[in-house]
Number of protein chains: 2
Amino acid sequence: MARTVDPQRHEARRLAIIDAALTCFAVTGYAGTSTAAICRQAGIGSGTFFHYFPTKQSLLLAILAYGTDETRRWFAARPDDADPLSIVEAYVAHAAEEMSDPRIAGFVRAVTAVMGVPEVETALALDARVLQDGLEPWVARAQARGQVRADLPPRDLTAWVLVLLDGFLGRLAVDEAFTAEGQRATLVDAVRRLLAP
Amino acid sequence: MARTVDPQRHEARRLAIIDAALTCFAVTGYAGTSTAAICRQAGIGSGTFFHYFPTKQSLLLAILAYGTDETRRWFAARPDDADPLSIVEAYVAHAAEEMSDPRIAGFVRAVTAVMGVPEVETALALDARVLQDGLEPWVARAQARGQVRADLPPRDLTAWVLVLLDGFLGRLAVDEAFTAEGQRATLVDAVRRLLAP
DNA sequence: CCTTTCATGGAGTGCGTGCTCTAGTATTGC
DNA sequence: GCAATACTAGAGCACGCACTCCATGAAAGG
């Protein structure tokens with residue numbers, strides 16, 4: 001008998017489709033992108049598409065899960081004894097760098113507006129949770145060391161750092177003169193001002 | 001012959017449809033909302049809908065134009081000799097208050113993700129422009145008086161105030177514990193920290 | 001009264017969509 | 001080489017959508 005085809009090849013194809021979808025979603029949004037458009041972008045037939053992903057929605061969820069995992073990995077890689085405030089600032093800089101890729105920025109913007117679909121909403125909530133849970137301990141430690149203000153709980157301070165990141169992303173989309181490269185330094189400065197004791 | 005119908009009644013109907021659409025768009029997004037759903041919400045038939053708006057897109061543009069006008073009016077109503085920094089902070093507080101209405105928040109989120117449609121993008125760009133042009137003079141005056149930092153041009157400082165507002169809106173959507181009422185004061189404080197000399 | 005115009009609902013239409021089916025081709029194990 | 005399975009393409013399908021058409025009602029001149 002024959003058998004389980006090369007899993008590497010399988011995974012590579014999956015990633016190629018994900019990559020094509022990312023490009024399409026970033027430009028025309030989730031609902032505005034047809035599976036046919038993704039197939040065209042990826043250079044495959046629709047049969048192939050649905051061989052790798054049972055539905056269009058499952059593809060979106062796969063991308064979201066990928067991003068969530070990446071966030072998890074980023075925080076898992078931080079050494080426990082690092083300087084807390086540096087980690088917070090490093091994450092902000094890291095996120096800003098990712099947003100330099102307009103595909104990422106466009107995708108995030110497109111996806112956070114897929115509303116009323118429970119599976120997507122829980123995936124987004126999970127992503128937000130992982131981010132909050134990854135960042136908050138460092139904020140708390142920084143607070144314990146007196147590096148950041150103490151008039152708000154770590155939970156709120158963390159949320160406000162994410163406010164800056166969310167807003168940064170939004171401005172990139174709507175303001176031509178506002179570029180990730182040009183404003184990255186100001187972003188880190190803004191975080192410092194926000195957290196300063 | 002008969003005649004030009006009562007324009008008041010006409011306008012009222014239009015506003016009722018706009019109101020229904022706002023509700024629907026806020027919950028399920030633009031693409032996720034069918035004209036049938038808007039008709040159901042407004043309690044009208046589809047014939048009536050297309051009697052008032054030629055297309056679904058034109059309805060969206062009408063809502064956007066309405067919001068842009070409101071922003072224009074808000075700034076037009078500020079007296080020229082007012083304290084500049086107070087005006088900036090007042091606008092921030094005003095915007096935060098509007099976002100207390102979850103329909104507004106949801107609508108804005110839904111609409112900024114309608115991508116790849118030129119008419120919508122230009123309408124959004126106009127809205128952003130009106131906001132920037134309304135706010136920037138006050139920031140500039142505040143800077144001239146030494147009320148705000150001078151290491152960045154007024155244009156950038158204004159953009160960063162809008163970053164905070166955009167981010168505030170985004171957090172409201174994704175973070176259950178982050179409420180407009182609870183965080184409004186922190187928002188104004190964040191603006192002060194951002195602009196402080 | 002009658003006539004003209006706007007207002008309204010809802011059945012109907014054509015099209016684009018996500019997805020399925022099937023038939024053919026590569027790739028694997030023996 | 002052969003059989004069995006995975007992979008691939010694309011024609012086709014059912015459905016939901018934005019939008020149209022038409023019949024009817026209501027209000028305002030004359």
Side-chain angles (χ1 to χ4, degrees), chain A residues 1-22 24-25 27-63 110-111 114-120, chain B residues 1-22 24-25 27-63 110-111 114-120:
Chain A
M1 70 176 73
R3 248 275 330 133
T4 66
V5 83
D6 184 6
Q8 297 230 327
R9 186 185 163 80
H10 188 87
E11 195 57 21
R13 270 289 212 199
R14 258 183 75 96
L15 284 177
I17 295 174
I18 282 182
D19 191 73
L22 211 87
C24 294
F25 289 162
V27 176
T28 50
Y30 176 72
T33 300
S34 63
T35 56
I38 300 172
C39 292
R40 234 175 294 125
Q41 174 75 25
I44 59 173
S46 72
T48 307
F49 179 95
F50 288 98
H51 179 72
Y52 285 90
F53 297 94
T55 64
K56 179 185 167 187
Q57 192 188 105
S58 74
L59 165 62
L60 174 62
L61 293 175
I63 304 181
V111 149
V114 179
M115 303 147 97
V117 182
E119 288 94 332
V120 177
Chain B
M1 73 176 69
R3 62 117 263 143
T4 61
V5 82
D6 185 7
Q8 296 230 329
R9 187 184 162 80
H10 189 89
E11 196 57 21
R13 270 289 211 202
R14 258 183 76 96
L15 285 177
I17 295 174
I18 282 182
D19 191 73
L22 212 85
C24 294
F25 289 162
V27 176
T28 49
Y30 175 72
T33 299
S34 64
T35 56
I38 299 173
C39 292
R40 234 175 294 124
Q41 174 75 26
I44 59 173
S46 71
T48 307
F49 179 95
F50 287 99
H51 179 72
Y52 286 91
F53 297 95
T55 63
K56 179 185 169 187
Q57 192 188 107
S58 73
L59 166 62
L60 175 61
L61 293 175
I63 304 181
V111 149
V114 178
M115 303 147 96
V117 182
E119 288 94 333
V120 177

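Quick caveat: nothing in here was measured; it's all calculated off a predicted structure. Below, chain A is the first sequence line, B the second, and so on; all start at residue 1.
B/T33 contributes atom OG1, which lies 8.5 Å from atom CE of A/M115 (distance to the nearest 0.5 angstrom).
Side-chain nitrogen and oxygen atoms of A/H10 include at least one within less than 4.0 Å of the OP1 or OP2 phosphate oxygen of D/dC7. In this structure, A/H51 does not reach the D/dA6 phosphate: none of its side-chain N or O atoms is under 4.0 Å from OP1 or OP2. Side-chain nitrogen and oxygen atoms of B/R9 include none within less than 4.0 Å of the OP1 or OP2 phosphate oxygen of D/dA26.
Side-chain contact between A/E11 and A/Q8 is absent, with no heavy-atom pair separated by less than 4.5 Å. Counting heavy atoms from C-beta outward, A/I63 and A/F25 have side chains that approach closer than 4.5 Å.
Distance A/I38 CD1 to D/dA9 C1': 17 Å, rounded to the nearest Å. Distance CD (A/Q8) to P (D/dC7): 14 Å, rounded to an integer number of Å. Note: CZ (B/R14) to C1' (C/dA7) measures 15 Å, nearest angstrom. Separating the CD atom of B/E11 from the C1' atom of C/dC6 is a distance of 16 Å, rounded to the nearest angstrom.
Residue contacts shown for B/Y52 are limited to sugar-phosphate atoms, with no base heavy atom under 4.0 Å away.
Contact detail for B/A110 and B/G29: the closest heavy-atom pair is CB-CA, 3.7 Å. Across all their heavy atoms, A/Q57 and A/V117 have their closest contact at NE2-CG1, 3.3 Å. A/I17 and A/F53 get closest at one heavy-atom pair: CG2-CE1, 3.7 Å.
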**OP:** Report, as a single string ordered 5' to 3', how protein heavy atoms within less than 4.0 Å touch nucleotides 13-19 of chain D: B base, S sugar-phosphate only, - not at all.
**Re:** ----SBB
